[in-house]
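One structure is given below, encoded as structure tokens.
FYI, the numbering just counts along the sequence from 1. Just so you know, these numbers come straight off a predicted model, no measurement behind them.
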Amino acid sequence: MADKTKVGIELKPYNALSILSFCREFINDDTCDEYRFQAIKEAVDELEMQLGRHLTDEQWDEINAENQVNQLIGKSPAR
């Protein structure tokens, strides 16, 4: 039985990591001590923890490959 207190979302691994990366641009060490950002900080921290816990090695390989392609075609900013 699914946990009714959680939301199940299915995303491509690359998209999930892209969302996390975007959020981390704004919710980072510079904003972590500001109380007004605590709710979103906790949400972003949970997203990062869940991705770290659930992404497989194969999915990480897919993420890296898709990121390389996207950078080559100009669809993603270079690191």
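- Distance check, rounded to the nearest 0.5 Å: CD1 of I63 to OG of S18 gives 8.5 Å.
- For F26, the ring-ring contact (aromatic ring centres under 6.0 Å, His included) criterion is met by F22, not counting sequence neighbours.
- The structure places CG of N64 at 6.5 Å from CD of Q68, a figure rounded to the nearest 0.5 Å.
- Screening residues 25-34 for side-chain hydrogen bond (donor to acceptor under 3.5 Å, both in side chains), with sequence neighbours left out, gives E34-R36.
- A distance of 10.5 Å separates CG of L17 from CD of Q59, quoted to the nearest 0.5 Å.
- For the pair E66 and K12, the minimum side-chain heavy-atom distance is below 4.5 Å.
- Taking CG of N67 as the start and CG of L72 as the end, the distance is 9.5 Å to the nearest 0.5 Å.
- For the atom pair CG (L20) and CE (M49), the distance works out to 12.0 Å, reported to the nearest 0.5 Å.
- F37 and I19 fall within a single hydrophobic cluster, where Ile, Leu, Val, Met, Phe, Trp and Tyr are joined by side-chain heavy atoms under 4.5 Å apart, directly or via other members.
- Within the 4.5 Å cutoff, the side chain of I9 has heavy atoms near those of the L11 side chain.
- Residues R53 and Q50 are in side-chain contact: their nearest non-hydrogen atoms beyond the backbone lie under 4.5 Å apart.
- For the atom pair OG (S76) and OH (Y14), the distance works out to 3.5 Å, reported to the nearest 0.5 Å.
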